[in-house]
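Below, chain A is the first sequence line, B the second, and so on; all start at residue 1. All values derive from a computational prediction rather than experimental measurement.
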Amino acid sequence: MAADVGQPSSIPVDQSDCIIDTWDSVQGLPDNSVTAIAQDKDGYLWMATFGGLVRFDGVAFTVFDQGNVPELPDSTVFNLHIDSRDRIWISTGKGLVVRDGKSWRRLGVTDGWSGGLVRSFAENDDGSLLITTFDERLLLADARGMTEIPKPTGSRWLGIAGADFEGHWWLSQPGFVGWRNGSAWVNVFGFPAELEHVSGPARDGNMWAVIGDELLKLDRQAIRTRMRLRESPGGLWGVYEDSRGDVWISTYDAGVLRVSRDGTARRFSIGRGIGSRGVRCVFEDREHNLWIGTSGGGLSRIKPRRVRVFGLESGLDESVVTSVCPDSDGVLLVATYGRGPYRLDLGTGRASQLTGDNEPTAYANCALRDHRGRIWIGSDGAGLSVYENQAWHRLPERGFGSQSIRSIFEDASGRIWVSAGEGVTVVEDGAPRLLAQDRGVPLASVRNFAQDPSGAIWFSTDDAVFRGDVPRFAEVRDFEGHALTGVTSFRFEQDGSVWMGTLRSGLVRLRDGLCTRIDSGFGLPECSIGGILVDSRGIWWLATNRGVVRVSGNELRDAADGRIPAIRAQRLSVPDGLVSGETFSSHQPSCVSDSQGRLWFATSRGAATIDPAGIAINEVKPPVRIESISAMLPQPGQASSTVPYGTSEHIERVLLHEGDASVVIPAGTRRLEVCYAALSFANPERVRFQCLLEGLDPAWQDAGGSRVATYYDPPPGEFTFRVRAANDDGLWNLEGASVHVKVNGFFWQSMWFRGLVALLVLGMGAIVAGAIGRARLTRAGERLTIERQRTELAHLSRVTLLGELSGSLAHELNQPLTAILSNAQAAQRMMASDNFDPGEIREVLGDIVDQDKRAGEVIHRLRRLLKRGEVETVALNMNDLVSDSLRLVSRELTNRDIQVRTDFERNLPWIMGDRVQLQQVMLNLLLNSADAMAGVPPDRRVLTVRTNADEDRVHVRVADTGTGISPGLEARLFEPFYTTKTSGMGLGLSVCRTIVRSHGGEIWAESGETTGAILAFAIPAAKGPQPDGRGQPDRVPGR
Amino acid sequence: MDEDSPIVYLVDDEPAVARALARLLRFSGFPTCTFNSPAEFLAAHDPGKPGCIVLDLSMPGMSGLALQKVLAERAAGAPTHPVVFLTGRADVSSSVEAMKSGAVDFLTKPVDDRTLIEAVRGAIERDQCTRRERRANRESLERLATLTPREREVLAHVATGKLNKQIAQELGTTEKTIKVHRARVMTKMGAGSLADLVRIADRCGVQP
């Protein structure tokens, strides 16, 4: 089933009484032609479109077409009807289909169906249907089946079927509108056949007909009302009466004309809120939203506008309204931040700037009309001005804490109270007086002034509330002595209690010193309250930054007294007609009611008004439906816990289809998703949900507006999933919907299996422990010769040595390998291009060969060093041996920032020895010296290798610039297991001593000439001339 | 090659390796420039041109990390070329250090062509991104000049994360006023959100 989700697009319409939202293919409609709309018993809206049958839940469109319903002969749907048994009759381009629950049945000739496309359906109170078709047939479908019945005059004209409350069939066709008496047709109103006609049922049981440009209501005897329309409706297509008694005449070329009882007409068409001139159907749902299906213009919803806004289009040049106040009758004073004060004529809806001599600044914060008719304007930075006799007069600066006026208030005796910067100013007889601190007036900015029924003045700062009058004010605290902070507004009640709107804590009631807070815990949707208005019916309207909140005063009192746990509140915001939800102005006056009971709010996008008497609250409990349950499982063969969520290794399976009462979830399910809907259409985005997985969740979980509940790794067991919803006006359907969920477990998730595994592990442990013990005994029996041990030790020591060098050796190997790989891949890329240069390829191949040889040499050297085996005594040149060793560690030394200097005596006598072992000694000395320099700064790390010969020995000295050797420790260095280093076993130098001694030589340590240490060894020189070639170390070409 | 097309600077003490990598990159469409020692590179390097650096971690004389530090010091706060490190042995401490000082990638030799190209592409993108940002910075400074003194004051306070209420108190006016100023500042500064605005203000060095 293809479902799509989309927010409707609101088309701005003129300041009228309704708000129109439109959905089209962008929001998920399969086609933009909606030819019929009906609501089923569950509450879903069904629509016929040229792209299939569509079910709508307010948010998502679910499309039924040939792709998912094979019984549908065609995806083009021309008309539909939902009968009293909740069956859906679907007229497709290739025949009629009836959907009954989950079954779909196509009607054929055997059912008596002989028609083409259906023009109209009518249903009688006994459930039989009268159908007219575009191929001019008239069919009666009742318990006996479907039969074609004769038409009034035997004509072949296209007719529209109807039924009245008394069970009589009606029909209109050219020249005829009348009813069926037995088997004969009675014409109630004959008219010229060339006039267009359309008919439909009236809510009082009679019939509506539109003939030409006349609207008639007929009963079986006569015409009851007859009205000539002031404008021609256009090409007639349908007529529909809504629950308020308005008649909607839809046309195929001029939109839809709404005719009210008093005869006033309003047309909705393209450019006036709906998407097309061709209107195919009008339908009112149970919540009284009107739906309009159009040809090519999508689906539109018309709902009453609850809030009207006067902004730029009303003549204000600045949309930021800071303050509103009733002026003379029918006029509202509007202060704008940017263009100063305006007068808004409520009759015409036009605003005009309040001009005069000495105009105050354009940045107005507050506007107030006092009882004498003077207008006070408080500005941002330019002080307080009063408007009288077409001229402005600015009050002297010294009377105010600052020239930025925040609030203005007039008390019962006509004094003007002003908040500007720190402190309070009272204006009496035109003279401002700044009240000083010693009168109990705080040195803080005042938000709001009010006067209680006893005449006392109250005002609030951010940190406290004060009460009193000139000359003394006192802070008001609760009986525990806590200050009342963040109060923005006051409301005094008959019983002496005071309600306060607050910045953060919702509403607070202060009664007998006791504060009771009504906030989100009681269901108040907004806790930052800028102002309180109460209408004549006792409904409270709270100005907030996210719309106006409506709540019953009685409920608030009941909640404060502990009689009810929660209140029901509605929020009026952008979907209701506000341009901006910000109705919380920080100025006073900013929300007021006028003499006609209308409420006014200053918003950041115009002055907004609400007529509390004209607002209908949605009292329809939203039906809740669980639509599907799907499980995400690992692919077969995947271990469930090793696969992360959401990878392609998972498969999604829909397990529950609509109408199922229970579902079984397979073992190993990683994620469970439950999709549900609440069928409330006025403001689906405001519908709120709560979910409960009984058996797992401890309490109901708030799901907000989300229509899917997700559970990860559900444990095995049996649960009940419940969901409930509140409509856009906060009315809960507490029954909601539920489904039984059984989650299967794997066998290994059961207790008996886990116990068995624990036993097995213990048994295995015992067996393994026994085997290890036996192995140890066998090894202890082995004996090695001392000689063998020594070579083993030397070898082990070399391996350890190479381990230390592994990093640099890896680099030695990596360099040629890198060059080879990159060269080869470069060549591949070259050859993939069309015009590569063979010369270049040759070059690349040459480089590869060179680098490969180089890698081979590194490996060769390593292998030689790691060779395990008998001592092999050959003639050697010590200089070559030293160079070779240096080459092996050069990278390592570079990495350690060590400079190497060599001082080789030429023409050294040759020696007899084992090359590998002597090289090992050399490497050990080099690395030891390198280690000794780890603690000195890099620029002072110098390693010097010197060779020389005296009469009978060849000397090698490795000098470092490290920390040196403590006196007395020189000899101990070569003892086994002696080490000054934190790593290593301390075997390296002792093995060196063994090797050197076995060569008849000597090894020692001494302190350096200035700093550091010298490690040196000497090997007896061989007698006689050096043999040619043999025994020479392999020469390794330098890099 | 056009003046502003990005260049990959390759620094490896092994001429054979540098040559091979350069070949590979060149044939994948990246103009390259090779150096066989850090010193050689430092002498020729122009941080003003777009591009990135592919650097061997261990080189005699000056290690890759040291070179990276020198580059950062030379740039003195301005963005430097992003560095892709190549190393024969990936030990944790040096890779962490390299990443900390702004390396974009840390690749082990021998490196597969796709990995290298991917890393180089990423580095060049990052370079282009920082260069774009610098340009945006200049633009922001120009926009900043269009603010009125009052708006600039409001911006400075907004940038420190103060609430409208606090700002209102400090500037002796109301939240609503601050809100309006703030909206105008947002429009003038071309900021789409508060976070955006704070970022721009931060970039321009606006302080109360």
K.L.:
Between A:S404, A:S586, A:G401, which shows the greatest number of heavy-atom pairs under 4.5 Å with chain B?
P.N.:
A:S586
K.L.:
Going by atom types alone, do B:E151 and B:T148 pair a side-chain donor with an acceptor below 3.5 Å?
P.N.:
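Their side chains do contain a donor-acceptor pair, which is all the 3.5 Å distance test asks for.
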K.L.:
Below 4.5 Å from any heavy atom of chain B, which atoms of A:I820 appear? Answer side chain, backbone, both or neither.
P.N.:
neither
K.L.:
Checking heavy atoms, do the side chain of A:D939, its backbone, both or neither come under 4.5 Å from chain B?
P.N.:
neither
K.L.:
Below 4.5 Å from any heavy atom of chain B, which atoms of A:D380 appear? Answer side chain, backbone, both or neither.
P.N.:
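Side chain of A:D380 only, per the 4.5 Å heavy-atom cut-off to chain B.
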K.L.:
Hey, are B:R23 and A:E843 close enough for a salt bridge, meaning a charged N less than 4.0 Å from a carboxylate O?
P.N.:
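Between A:E843 and B:R23 there is a salt bridge, with a charged N closer than 4.0 Å to a carboxylate O.
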K.L.:
Can you give me the closest heavy-atom contact between A:D317 and A:L312, atom names plus distance?
P.N.:
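Heavy atoms only, the tightest pair is C-CD2, 3.7 Å.
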K.L.:
With sequence neighbours excluded, tell me which residues meet salt bridge (charged side-chain N to carboxylate O under 4.0 Å, His left out) with A:E397.
P.N.:
A:R394
K.L.:
Which residue out of A:I405, A:D850, A:T322, A:D847 racks up the most heavy-atom pairs below 4.5 Å with chain B?
P.N.:
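The candidate making the most pairs under 4.5 Å is A:D847.
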K.L.:
By a 4.5 Å heavy-atom criterion (distance strictly below it), what part of B:I117 contacts chain A: side chain, backbone, both, or neither?
P.N.:
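It is the side chain, since no backbone atom gets that close.
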K.L.:
So what's closer than 4.5 Å to chain B heavy atoms on A:Q851: side chain, backbone, both or neither?
P.N.:
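The answer is the side chain of A:Q851.
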K.L.:
With a 4.5 angstrom heavy-atom cut-off, is it the side chain or the backbone of A:E318 that approaches chain B, or both, or neither?
P.N.:
side chain
K.L.:
Testing the basics here: between B:K49 and B:R131, what is the closest heavy-atom pair and its distance to 0.1 Å?
P.N.:
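Heavy atoms only, the tightest pair is O-NH2, 3.1 Å.
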K.L.:
Tell me, side chain or backbone of A:L821 under 4.5 Å from chain B's heavy atoms, or both, or neither?
P.N.:
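Side chain only.
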K.L.:
Could you check which of B:R184, B:R26, B:Q169 has the highest count of heavy-atom pairs closer than 4.5 Å to chain A?
P.N.:
B:R184
K.L.:
Under a 4.5 Å cutoff for heavy-atom pairs, which residue among A:E840, A:Q899, A:H587, A:R406 has the most contacts with chain B?
P.N.:
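The residue among A:E840, A:Q899, A:H587, A:R406 with the greatest pair count is A:H587.
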K.L.:
Please enumerate all residues that pass salt bridge (charged side-chain N to carboxylate O under 4.0 Å, His left out) together with B:D56, with sequence neighbours excluded.
P.N.:
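Result, salt bridge (charged side-chain N to carboxylate O under 4.0 Å, His left out) vs B:D56: B:K109.
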K.L.:
Do A:T603 and A:S580 have a side chain donor and acceptor closer than 3.5 Å?
P.N.:
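Checked: A:T603/A:S580 side chains show no N/O donor-acceptor pair below 3.5 Å.
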K.L.:
Where do A:C366 and A:A335 come nearest, in terms of heavy atoms and distance?
P.N.:
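Closest approach of A:C366 to A:A335: C-CB, 4.2 Å.
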K.L.:
Examine whether an atom of A:D462 lies under 4.5 Å from a heavy atom of chain B, and if so say whether it belongs to the side chain, the backbone or both; otherwise answer neither.
P.N.:
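For A:D462, the contact with chain B is made by the side chain alone.
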K.L.:
Out of A:G381, A:S402, A:A819, return the one with the most heavy atom pairs under 4.5 angstrom to chain B.
P.N.:
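Most heavy-atom pairs under 4.5 Å with chain B: A:A819.
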K.L.:
Among B:R182, B:E170, B:Q166, B:H181, find the residue that satisfies the side-chain hydrogen bond (donor to acceptor under 3.5 Å, both in side chains) test when tested with B:H157.
P.N.:
B:E170
K.L.:
Pick whichever of B:D12, B:V180, B:T177 has the most heavy-atom pairs under 4.5 Å with chain A.
P.N.:
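Most heavy-atom pairs within the cutoff with chain A belong to B:T177.
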